[in-house]
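Atom set for the values below is all heavy atoms of this structure, side chains included, hydrogens, waters and symmetry mates excluded.
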Amino acid sequence: VYYQSPDKFLYRSTDRTEIVEWGEMKGAASPDNHALLIQQIKEHGGKSYDLRDHEQILAAYEKFLDDFGFRKAFPTETGVFKSLALRAYQSWGQFMENVRICDVNDYSAISGWESTAIENHSGLVDNMRDFKSNPEWVAKTMLPVRPVAKHRHLVLNTGDRGSFDIYLLNDTGKPVTGKLNFTITSPDGSVTRLGEYTAPEYKRDHLSYLVQKEVSTPALNRPGVWRTNLQLNGAQSSSHVCELWVVDPLPHPLPRLRVGVAGGNTIVDKLRRISGLHVEPFSAGEHYDVIVAAAQLTPEQRKVSIEGGKAWKTMKPETLVPVHLPSEVLSALQSGTPLFAFAETDGGAEGYGRQMAKAGAFNYHGLVGPQRASWMGSWYFVREHSLYSGMPVNQGMSIHYQVKGSSSDGWRVDGKNVEVIVGYSRDHDRHIGAGTITGRLGKGRYVMHRIIGMHPVFEQRFLANCMAWLARQSPLLQS
């Protein structure tokens, strides 16, 4: 939604009668590299008002990575912190391009204030002025001469075509000549030329030039990462690179599965798009291959928390009204029917967590909680697992996932029979929770999921992965 066309994008202005400045823009908060800060504090005397803060948070991440099998994805804590911060830097790069391609804009201000233990983590640097990730993602967008290929979609299904608008940004006050060359590289390394364009004629006090609209790629028929490259006169230093994630929505045909849905409404439509599923309302006593339980947002909550991207806050867990799984669903799980439990609300997450813990699935210690404010942030990080096959893994959930921080939360769980696939936390918190978990209860395998607002292409693949994986785990189907 941040860029849709030359006439519709975030930070576009049309009023030439005013001075236009964008300030404290829509940044994505990220954690500090706590390991690095502790090292720097100790190198400079070992005393700091925030030392204990960093030590406690680092210890929490160390324990979580060790306890839940995340060390293959993140051998060091520094790795997870830098990966989480990459989302913020990539977001700022996208936003600054938007500001610059609109000539009506005059200036802008990134949230550059440093992180502190008292206030925020939305700044570009930490309290020691360290960059949190690779600053090149932002620095390149500030080059005086910058070719830009603005994507209309970052994530696509196999067979879709990417669409781009080609710009040349020139803040030098001097003519720029030569050729713009636009290519795309497939996951197997083959390169396709998409176009060649002559640099536009220079105009005084004109900083942004739309060179070509709606440049389409060939059909992207192979899943994986496709990289576009836009260069002016072959200069690598200013080249514009964009990564498109292409996803096969159903890589392996599903057996005919009967799926019973308890609660929810929007999830029914999503499940019915998956070939091989017969989806119907759950009815006690009926046989199902997979059961889906969903505690979903109302349309009003969805509009504010996801579509609006605002810091919508739920009630604290102790004042929530928990939403529970029907007792017949829990009994079916214990008897061997796989369960996918999707909690869009904290009421659902709290209710499901308590109920599953009481039944013996895991130890439950409450929810981590939503982000405290938009400038303080929350984040997910995902490791490799069949549930996320065909999607980016072993990283912080990137801009490709497009998960909004305003509606995020996670379960604080532990125990011998629980497996965490996605970690979750927020600014200043010593608790690391789970966005996606799986395990066994009785004879049945379950998946619990608390991540909402995921890119629709990824979400559809995730649901297909869940149905296929749970069906493979079912002792009823295996027999």
Side-chain angles (χ1 to χ4, degrees), residues 1-14 16 90 92-105 108 136-156 159-222 225-246 399-400:
V1 298
Y2 296 142
Y3 184 90
Q4 298 181 49
S5 73
D7 300 317
K8 190 174 184 181
F9 58 89
L10 186 68
Y11 304 126
R12 179 175 181 262
S13 177
T14 58
R16 294 184 177 273
Q90 289 177 328
W92 280 118
Q94 299 287 331
F95 299 151
M96 297 312 296
E97 285 178 355
N98 283 16
V99 171
R100 290 189 67 189
I101 64 178
C102 178
D103 252 353
V104 177
N105 292 331
S108 59
E136 189 172 289
W137 288 98
V138 181
K140 271 201 165 186
T141 67
M142 301 288 100
L143 292 173
V145 177
R146 171 69 166 166
V148 173
K150 287 302 292 187
H151 55 81
R152 301 194 180 199
H153 303 281
L154 269 178
V155 182
L156 304 100
D160 290 346
R161 298 175 185 268
S163 182
F164 293 82
D165 298 315
I166 305 299
Y167 295 85
L168 182 64
L169 308 178
N170 179 11
D171 289 2
T172 65
K174 300 175 183 178
V176 171
T177 59
K179 298 288 185 180
L180 288 160
N181 289 286
F182 192 36
T183 62
I184 188 167
T185 303
S186 72
D188 66 3
S190 59
V191 179
T192 301
R193 184 176 175 181
L194 300 179
E196 181 180 272
Y197 315 97
T198 300
E201 182 181 353
Y202 172 75
K203 298 178 183 178
R204 184 178 178 183
D205 295 329
H206 201 79
L207 308 179
S208 174
Y209 300 82
L210 177 59
V211 178
Q212 183 66 48
K213 292 174 62 175
E214 299 180 5
V215 178
S216 293
T217 70
L220 306 176
N221 52 17
R222 183 187 293 268
V225 178
W226 294 69
R227 289 181 176 85
T228 61
N229 193 313
L230 179 64
Q231 293 185 355
L232 175 64
N233 299 329
Q236 287 280 356
S237 59
S238 63
S239 63
H240 185 279
V241 176
C242 177
E243 293 187 350
L244 303 178
W245 261 90
V246 177
I399 59 172
H400 292 89

Response to the item:
Smallest heavy-atom separation, Lys150 atom then Asn98 atom, equals NZ-OD1, 2.9 Å

Discussion item. Quick check against the 3.5 Å criterion: does Arg227 have a side-chain atom that pairs as donor or acceptor with the backbone of Val241?
Written reply: no

Practice prompt. For Arg12 and Asp7, indicate whether the former's side chain and the latter's backbone hold a donor-acceptor pair under 3.5 Å.
Written response: yes

Fill in: Main-chain N/O of Lys140 paired with Arg146 side-chain donor or acceptor, under 3.5 Å
yes

Item to complete: Without swapping roles, check the side chain of His240 against the backbone of Ile166 for a donor-acceptor pair under 3.5 Å.
Response: no

Item to complete: Sequence neighbours left out, what passes ring pair (Phe, Tyr, Trp, His ring centres under 6.0 Å) with Phe164? Give chain and number order.
Response: Phe182

Practice prompt. Measure from the side-chain N and O atoms of Asn233 to the backbone N and O of Ala235, and report whether any donor-acceptor pair falls under 3.5 Å.
Written response: no

For residues 200-208, tabulate all N or O donor-acceptor pairs below 3.5 Å that involve a side-chain atom, not counting sequence neighbours.
| residue | atom | partner | partner atom | Å |
| --- | --- | --- | --- | --- |
| Tyr202 | OH | Gly173 | O | 3.0 |
| His206 | NE2 | Ser208 | O | 2.9 |
| Ser208 | OG | Ile101 | O | 2.8 |

Worksheet item: Do Lys179 and Thr198 have side-chain atoms, one donor and one acceptor, less than 3.5 Å apart?
Response: yes

Worksheet item: Tell me, do Tyr197 and Gln212 make a side-chain contact under 4.5 Å, heavy atoms counted?
Response: yes

Item to complete: May I ask you to decide if Glu214's main-chain N or O and Asp165's side chain share a donor-acceptor pair within less than 3.5 Å?
Response: yes

Practice prompt. Taking atom NE2 of His151 as the centre, report whether more than 12 heavy atoms of other residues, nucleotides or ligands fall under 6.0 Å from it.
Written response: yes

